[in-house]
Amino acid sequence: MKFLFFFLPTIPATLEERRKLRPIANRTEYFQKMIDEVVEMARLAEEVGFDAVAFPEHHLHGEGLEMGSLPLLTQHVIHNTRHIKVGPIGYVLPGWNPMRLAVEIGWLDQLTKGRTLIGFARGYQTRWLNNMAQKIHVSATVSDKSEVDRTNREAFEEVYHILKAAWGDEPFRYKGKHYEFPYPFETGTPWAPHEWTREFGAPGELDEKGNIRAINLIPKPYQKPHPPLFQAFSISEETVRWTARERITPSILISEPKRVRELAEIYRKESAEHGRRLNLGESIGVLRSLYIGENREQAMRMAEDGAIGVGLQILLSLRILGGLAVSRGRREISGPDAAIGGMHAGPR
Amino acid sequence: MLPLEECTLDRVEKAKFAFFGNVDGVRKEMDALAENVNPEWFMWQGDQGLLPAAVVKNQIRTFGEKIIPRFK
């Protein structure tokens, strides 16, 4: 088993300090303290045997919770540790221009000589995603099969397919609903120094008139064909099947043991049907929260003040627990709507 | 939408999303998870910033030294 420490970069402060110094994340001394602590935790995780550290991607949290994660934070942590993998789980794809993200990841993986991992997410927080994805008219989603949810998934898959194409060795062309590469797709991108490119650039990059007809992304990732891929945070069978087909490690948020087993079997079966024979559990991630104390009561007290305790309250205010989380009344917890997560738990 | 009063740590624990206990208790839950699906990756949703750093570090060290070796 490999171990990944997943945490939400958070300004270190009590709730009282957050109230008194609001918005605490505006304060550089606190922001710096957070950066230092993130590195300290990552170093310790590495020292005691973890294989990876990961963060979610969120922005605009003036309250000081869930800061980052951008390629820059990943790079900073990698450069302050020795060998563990580091990365976001995950990049919220509808919020990124796919070519920009492919370039950022390529650089990150080259600069760190293959120490990053890549997670993908669809995004459930409106405050930042609706603003960042405004030009493609995509909003945050709670996986409720609504029109908003459908559009979000469409943009997610488009960005994902462009990333995969961009990381390949051949120049790529893509025409989707939200993006087209090259731009404009039909006529190509004008490129004055085309003779130079014709001689030294990638074969197939130019058309006969000297316009760019396909994109050759630079740099390619250091890891081939690309860094390890993860999906944040999987709750549906549909998602698990998709990750199996795409050779992505799902981070399973479902917690009821019988259902987890079923999803693991589905992943293995779907993988086999697509040419990859795996043992049960291979290529699967399971996300859990845990607190270790002298006894259960002490552990529970830590949990109340920690990420899961605060996270549960925030999840409620985000109104996503109904779809994700705990069963009601006496009904047993099972099925695709039966997982419980922390506040980062953007469903797919 | 769940009523607020139903959204508790007890429920989280009962649903096996969270493990609360001493080293032996948490190890037992990890054993059960390994027995059930043996996931290639165990992803611990940990802390930073809400609890004091010393407390979090102690959690990471304890898990790393007393639980990880059993599953490596």
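Because only heavy atoms are used, hydrogens play no part in the values below, and waters and symmetry mates are left out as well, while side chains stay in.
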[X] versus chain A, the contacting section by heavy-atom distance below 4.5 Å:
{"X": "B:Asp10", "value": "both"}
{"X": "B:Ala32", "value": "neither"}
{"X": "B:Val55", "value": "side chain"}
{"X": "B:Val26", "value": "side chain"}

Treating [X] as the side-chain partner and [Y] as the backbone partner, does any N or O pair qualify as donor plus acceptor under 3.5 Å?
{"X": "B:Asn36", "Y": "A:Pro257", "result": "yes"}
{"X": "B:Gln59", "Y": "A:Ile292", "result": "yes"}
{"X": "B:Asp47", "Y": "A:Ala307", "result": "yes"}
{"X": "B:Gln48", "Y": "A:Thr10", "result": "yes"}

Q) Hey, are the side chains of A:Thr14 and B:Leu50 touching, using non-hydrogen atoms and a 4.5 Å cut-off? A)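 No, too far: nothing below the 4.5 Å cut-off.
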Q. What do you reckon, are the aromatic ring centroids of B:Phe63 and A:Phe3 less than 6.0 Å apart?
A.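 Yes, ring centres under 6.0 Å apart.
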Q: Establish, yes or no, whether a centroid distance under 6.0 Å links the rings of B:Trp41 and A:Phe230.
A: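 Here the rings of A:Phe230 and B:Trp41 have centres that are less than 6.0 Å from each other.
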Q: Taking ring-ring contact (aromatic ring centres under 6.0 Å, His included) as the test, write out the residues that go with B:Phe19, two or more places apart.
A: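 B:Phe19 satisfies ring-ring contact (aromatic ring centres under 6.0 Å, His included) with no residue once adjacent residues are dropped.
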**Q.** CG on A:Leu287 to CZ on B:Phe42, rounded to 0.5 Å
**A.**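 The CG atom of A:Leu287 is 8.0 Å from CZ of B:Phe42, to the nearest 0.5 Å.
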Q) Measuring from A:Asn279:CG to B:Glu40:CD, what's the distance to the nearest 0.5 Å? A)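 Spacing of CG (A:Asn279) from CD (B:Glu40) equals 10.0 Å.
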Tell me the closest heavy-atom pair linking [X] and [Y], and the distance in Å.
{"X": "A:Phe50", "Y": "B:Ile60", "value": "CE1-CG2, 4.0 Å"}
{"X": "A:Glu40", "Y": "B:Lys57", "value": "OE1-NZ, 2.5 Å"}
{"X": "B:Phe20", "Y": "A:Arg296", "value": "O-CG, 3.8 Å"}
{"X": "A:Val286", "Y": "B:Pro39", "value": "CG2-CB, 3.7 Å"}
{"X": "A:Ser255", "Y": "B:Ala15", "value": "OG-O, 2.7 Å"}
{"X": "A:Met41", "Y": "B:Val56", "value": "SD-CG1, 3.8 Å"}

Q | salt bridge (charged side-chain N to carboxylate O under 4.0 Å, His left out) contacts touching residues 299-314 of chain A (sequence neighbours left out) | A |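 Checked against salt bridge (charged side-chain N to carboxylate O under 4.0 Å, His left out) - neighbours excluded - no pair reaches residues 299-314 of chain A.
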(Q) With a 4.5 angstrom heavy-atom cut-off, is it the side chain or the backbone of A:Ala303 that approaches chain B, or both, or neither? (A)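 Both parts, heavy atoms under 4.5 Å.
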Q: Name the region of A:Ser283, side chain, backbone, both or neither, that has any atom closer than 4.5 Å to a heavy atom of chain B.
A: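 Both parts, heavy atoms under 4.5 Å.
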So which of [options] has the biggest tally of heavy-atom pairs under 4.5 Å with chain B?
{"options": "A:Leu280, A:Leu263, A:Val260, A:Leu4", "value": "A:Leu4"}
{"options": "A:Pro9, A:Gly64, A:Gly309, A:Gly293", "value": "A:Gly293"}
{"options": "A:Lys258, A:Glu294, A:Met302, A:Glu282", "value": "A:Met302"}
{"options": "A:Gly281, A:Ser289, A:Ser251", "value": "A:Ser289"}

Q: Evaluate salt bridge (charged side-chain N to carboxylate O under 4.0 Å, His left out) for B:Glu29 paired with A:Arg288, printing each intermediate quantity in order.
A: CA-CA 11 Å; B:Glu29 296 292 351; A:Arg288 296 289 178 267; over 6 Å; no
